[in-house]
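Read the structure below first, then the notes.
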Amino acid sequence: MIAKSYIESTLRELDKLYNQASSQKKAIYFSKLAVIELCGWIEETVDEIVHKHASRKLKLSSNKTYFEQKIINNNYGFQYIQNIRPMLINLIGLIGIEKLETELEKTAQITLLKNNLGNLKVSRNEAAHTHLKGITRTYNAPSRTIGDFNRIYTVLEKLDVELRK
């Protein structure tokens, strides 16, 4: 089971602060922070899913150490094709990823995950690589980020369940 209570409470708190913000500038801070927090949670959660599966399936400590150091610790990002899929391929192989993706795609879960993560990356990059000087930018409210979280959580939960089978 994927831990979600901490990120849920963080996003709800940021939404509350956003709605109570005394200025547009403060509201933007809370919007940006919500996106960045969610992206960090996704990276950590995927690492944890893969790490737990490796711990369940790998028997030799040398293989566990290799996987953790060379695969998990060298992966920075939360995009499906560039980050998540390569970790899974290194763990379960191409045959395993094909079976996993085929099962999840029966309900379009892989497509949804790719789309949601792609959209989130755009928001994250805007939040992380801009500042508030001059032109007022618009960012999604934390309530929108909570919706993104709920959609992504559902797919990650299904991915975790499939790996446990």
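Worth knowing before you read on, the calculation uses all heavy atoms, side chains too, and leaves out hydrogens, waters and symmetry mates. Residue numbers count from 1 along this sequence. All values reported here derive from a predicted model rather than from experimental measurement.
No chain of hydrophobic side-chain contacts below 4.5 Å, direct or via other Ile, Leu, Val, Met, Phe, Trp or Tyr residues, connects Trp41 to Ile36. Note: the hydrophobic cluster containing Tyr76 does not contain Val50 (ILVMFWY, side chain heavy atoms under 4.5 Å, direct or indirect links). Both Phe78 and Ile81 are part of a single hydrophobic cluster, where members link through side-chain heavy atoms under 4.5 Å apart. Each of Leu156 and Leu112 belongs to its own hydrophobic cluster when Ile, Leu, Val, Met, Phe, Trp and Tyr are linked at side-chain heavy-atom distances under 4.5 angstrom. Criterion: ILVMFWY side-chain heavy atoms under 4.5 Å apart, direct or through other members. Under it, Leu11 and Leu33 are not part of a common hydrophobic cluster.
The only option from Asn115, Ile152, Asn125 that meets the side-chain contact (heavy atoms from CB on, under 4.5 Å) definition with Leu120 turns out to be Ile152.
Remark: Tyr153 pairs with Phe149 by the ring pair (Phe, Tyr, Trp, His ring centres under 6.0 Å) rule, at least two apart or across chains.
Legend: salt bridge (charged side-chain N to carboxylate O under 4.0 Å, His left out) pairs involving residues 73-89, not counting sequence neighbours, sorted by first then second residue: Arg85-Glu101.
Checked by atom type and distance alone, the side chain of Glu105 pairs as donor or acceptor with a backbone atom of Thr111 at under 3.5 Å. Side-chain atoms of Lys32 come within 3.5 Å of backbone atoms of Ala127 as a donor-acceptor pair (strictly under, hydrogens ignored). Here the side chain of Asn150 pairs a donor or acceptor atom with the backbone of Ile146 at under 3.5 angstrom. Distance alone, capped at 3.5 Å, places no donor-acceptor pair between the Glu162 side chain and the Leu100 backbone. Distance alone, capped at 3.5 Å, places no donor-acceptor pair between the Thr145 side chain and the Ala34 backbone. Between the side chain of Gln79 and the main chain of Leu117, a donor-acceptor pair closer than 3.5 Å is present. Judged by distance alone, the side chain of Asn75 and the main-chain N or O of Ile71 form no donor-acceptor pair under 3.5 Å.
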Under 3.5 Å donor-acceptor pairs involving side-chain atoms of residues 1-10, not counting sequence neighbours:
from: Ser9; atom 1: OG; to: Ser5; atom 2: O; distance (Å): 3.3
from: Ser9; atom 1: OG; to: Tyr6; atom 2: O; distance (Å): 2.9
from: Thr10; atom 1: OG1; to: Tyr6; atom 2: O; distance (Å): 2.9

Taking only distance into account, with no hydrogens and no angle test, what donor-acceptor pairs under 3.5 Å do side-chain atoms of residues 12-19 form with protein atoms, sequence neighbours excluded?
from: Asp15; atom 1: OD1; to: Ser143; atom 2: N; distance (Å): 3.3
from: Asn19; atom 1: ND2; to: Asp15; atom 2: O; distance (Å): 3.1

Contacts table for residues 89-96: side-chain donor-acceptor under 3.5 angstrom, sequence neighbours left out:
from: Asn90; atom 1: ND2; to: Pro86; atom 2: O; distance (Å): 2.9

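The local environment of CZ in Arg144 is sparse, with at most 12 non-hydrogen atoms from other residues, nucleotides or ligands closer than 6.0 Å.
Within the 4.5 Å cutoff, no side-chain heavy atoms of Asn83 are placed close to those of Val46.
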| task | Evaluate the criterion side chain to side chain contact (heavy atoms under 4.5 Å, CB included) for residue pair Lys52 and Asp160; output intermediate values, then yes/no. | result | CA-CA 9 Å; Lys52 284 183 178 179; Asp160 188 42; 5.9 Å; no
| task | Evaluate side chain to side chain contact (heavy atoms under 4.5 Å, CB included) for Leu163 paired with Leu88, printing each intermediate quantity in order. | result | CA-CA 10 Å; Leu163 283 174; Leu88 290 169; 4.0 Å; yes
| task | Apply the test side chain to side chain contact (heavy atoms under 4.5 Å, CB included) to residues Val35 and Tyr139: give CA-CA distance (whole Å), side-chain angles for both, the deciding distance (0.1 Å), then the verdict. | result | CA-CA 9 Å; Val35 168; Tyr139 297 92; over 6 Å; no
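Here CD of Glu126 is found 12.0 Å from NZ of Lys121. Values are rounded to the nearest 0.5 Å. Taking CD of Glu68 as the reference point, atom OG1 of Thr65 lies at 7.0 Å (rounded to 0.5 Å). Atom-to-atom distance recorded for Gln69:CD and Tyr66:OH is 10.5 Å, nearest 0.5 angstrom. One distance of note links CD of Glu48 with CD1 of Ile72; it measures 8.5 Å at 0.5 Å rounding. Here NZ of Lys114 is found 14.0 Å from CG of Asn119. Values are rounded to the nearest 0.5 Å. Rounded to the nearest 0.5 angstrom, Asn116 CG and Ile42 CD1 are separated by 8.5 Å.
What you find for Ser31 and Pro142 is that their closest heavy atoms are OG-CD, 3.7 Å.
Residues near Leu60 contribute nothing to a hydrophobic cluster around it, because no ILVMFWY side-chain heavy atom sits closer than 4.5 Å to its side chain.
Using modelled atom types, one finds a donor on one side chain and an acceptor on the other under 3.5 Å when comparing Arg124 with His129.
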